[in-house]
Amino acid sequence: MKPLPLRRLCSLSKTVSSSAAAVALPSPSRPPPSFSLSPAQDPITLLCDRGRFSEAIDLLSCQRRLPPSAPRRLDISSSARRIASAAISSGVSLPLVLANRLLDLLAKSGALPDARLLFDSLPHRDVCSWNTLLAGYSFAGDLDEAKRLFDRMPDRDHFSWSTILSAHSRRGLPGEALHFYRSMLRASNGKGAIFSNRFTASSALAAATAVPCLRHGKEIHCHIVRMGFDSDAIVWSALSDMYAKCGCINDARHVFDRIADKDVVSWTTMIGRYFDSGQRMEGFYLFSQMLRLGVQPNEFTFAGVLDACSHLAMEGLGRQVHGYMTRIGYGPLSFSVSALVHMYSKCGNIEKASVVFKGMSRPDLVSWTSIICGCAQNGHSEEATRFFDLLLQSGTKPDQIVFIGVLSACAHAGFIDKGLRIFHSIKDEHSLEHTSDHYACVVDLLSRAGRFEEAEEIIEKMPMKPDKFLWASLLGGCRLHKNLRLGKRAAEALFDLEPENAASYVTLANIYAAAGMWDEVEKVRKTMDQLGVIKKPGSSWIEVKRKFHVFLVGDKSHPMTEDIYMQLDKFNKRMKEEGYVPDTDYVLHDVEDEQKEENLAYHSEKLAVVFGIIATPQDTPIKVFKNLRICGDCHTAIKFISRISRRIIIVRDSSRFHHFKEGMCSCRDYW
DNA sequence: TTAGGGTTAG
């Protein structure tokens, strides 16, 4: 066996050395079974003509079992309809088992009305016939009809209960699902029949998880233990998931550790829950452990791990996951490819994201959205709009989310007319409703361009109440154009909506500071103090040689502090010679200019960039990540630094990427 | 012949 390619993952391992880790490659998948049919023959018609309904149903059932990627020769829905209509018109009475199988084929392939017709035409029905139709309505999301049918059932068994229970849980009605679970327990006791089994238990757990309700979850847990369903991996996975989603990650891990036969889903779920709870490193440890134990990850696992890499901007690790995926093979239509595109975009490597995207033979809407948003965030606005045009040409129907991506690209690049055209096309050409996000984007677009009257007009006319994103966009535009009146209005709306968010106070204070209105700045500061609003400390980090280096403003804790400050001072001197003027507007406090410069000079992003310059080879791009938005002065300074040092510098802040090269930024200062 | 757990885009 070859060594595991994910060296980095194994280096994260707590217990096993990387050299010991290895995984077996999956065996090559067998070609899917297929039928040799000449196009002129329709086997279903031929079989039905000869009254061989049983074989026709067998053939169709076989086809349905093929994996989605296999070439399917028969259309299940129309073939099943043909069998049903031939059987009914021939007057042949199908044996009940066969009729039920046909009913299932119809119900699950979207031919529900035909399934109903067949059901109604049956001279005899058993509980399986009822369950099958019930599952059909549940599958189609017609819960009202499913419930009506359930109420009318002459007999119910555990299939009936688990079908109605999981239907409500899956369709966003977990409270109803739990209600059914309680009714089922009552019915079990009353009639002496025991309906609960591992299926109803796992569905009920999924419902308690979706609420989420720890109390119900624990009750179900007790019931599971009492009933002895503890040997089933699915029940245990669902139990672990319930604890994690109810905020008890340690209990979830405890349950997970006790699962005897953990399968890929159990692993993927537990790893994902660590990521959800913010314990991303724990998630990575568990992923590496899974690989070491030889459990083959699947698309769900990859998608989850890649998403975590995106959040932490861990491109190195993401790349290794990509390599692993390539090695074991993944389909060009796989949804984990979207996660790859997203990961590379979020790590600032839009070129690689684009290569991966272009490797997809038929990208789906999520993949298009990933690449369009990725381009938008990385300052490749023209590319984003080009991809959007290609999306429309491909015949894929855009949804409301993808419009957010392309509109934000237009807003960031100042494509006003194009952005407005696209905004209006949402309703006029694509028959979609505008969402509050679309309004926020168009207000962003107009206010960045200083077109405040139009922005205000849109706000007055919009059918819903403006949300915090819209006001924040407007406030940002006002800061850019020093619009005091509207800035105040936007800030006050934000204070109402999210009084605890320091960013709005700081931006308003910065607008006052830029206008020299120090009394107002002081008032804002006092309000913040009175309300106990705490400014989130800015921090920046950079990954060098697989280690993260984190910096705060004026940070002197780094082992290389002396070198960093010395180099930064050199840059400052050279920058000033080349015309850099510190933009002191961005400092909240009313202090002397010299002191203000001092505050600015050691912002976390500058420290991280300078450390990157010192610690990495000349030809590698420097990638810095900041938890807040980059400050305007740092933006100017880093442009100078990129020219002086001849380095490519990429800064990902809380809202977008800035690619600095030869004194320019990809955002063209329009941010 | 009918029922259960994990996923990607703003």
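Hydrogens, waters and symmetry mates play no part in the numbers below; they use all other heavy atoms, side chains included. These figures come from a predicted structure and were not determined experimentally. Order of the sequence lines fixes the chain letters, A, B, ..., with proteins taken first and strands second; residue numbering starts at 1 for each chain.
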With sugar-phosphate meaning primed atoms plus P, OP1 and OP2, does [X] contact a base, only sugar-phosphate, or nothing at under 4.0 Å between heavy atoms?
X: Asn197(A); value: base
X: Lys108(A); value: sugar-phosphate
X: Val235(A); value: base
X: Ser169(A); value: nothing
X: Thr269(A); value: sugar-phosphate

- Query: Among pairs that include at least one residue of residues 349-370 of chain A, which meet ring pair (Phe, Tyr, Trp, His ring centres under 6.0 Å), considering only residues two or more places apart or in two chains?
  - Reply: Phe357(A)-Trp368(A), Phe357(A)-Phe387(A)
- Where Ser160(A) and Leu134(A) come nearest, the two heavy atoms and their spacing: O-CD2, 3.8 Å
Could you check whether [Y] and [X] have their ring centres less than 6.0 Å apart?
X: His254(A); Y: Tyr243(A); value: no
X: Phe403(A); Y: His430(A); value: yes
X: His434(A); Y: Tyr439(A); value: yes

- Query: Looking at residues 116-128 of chain A, who's got a heavy atom less than 4.0 Å off DNA chain B?
  - Reply: Cys128(A)
- Query: Of all of residues 98-106 of chain A, which get a heavy atom below 4.0 angstrom from DNA chain B, listed by number?
  - Reply: Asn100(A), Arg101(A), Asp104(A)
- salt_bridge(Asp251(A), Lys218(A)) N-O dist < 4.0 Å: no
So, [X] side chain and [Y] main chain: donor-acceptor pair closer than 3.5 Å or not?
X: Asn197(A); Y: Thr200(A); answer: yes
X: Ser79(A); Y: Ile76(A); answer: no
X: Ser188(A); Y: Phe195(A); answer: yes

- Sequence neighbours excluded - salt bridge (Lys or Arg N to Asp or Glu O under 4.0 Å) pairs with any residue from residues 388-403 of chain A: none
Would you list the atom pairs, donor with acceptor, under 3.5 Å between side chains in residues 113-123 of chain A and any protein atom, with sequence neighbours excluded?
| residue | atom | partner | partner atom | Å |
| --- | --- | --- | --- | --- |
| Arg116(A) | NH1 | Tyr137(A) | OH | 3.2 |
| Arg116(A) | NH1 | Glu145(A) | OE2 | 3.1 |
| Ser121(A) | OG | Leu118(A) | O | 2.8 |

- Task: Anything under 4.0 Å to a heavy atom of chain A counts; send over the first and last such nucleotide of DNA chain B, read 5' to 3'.
- Result: dT1(B) to dG10(B)
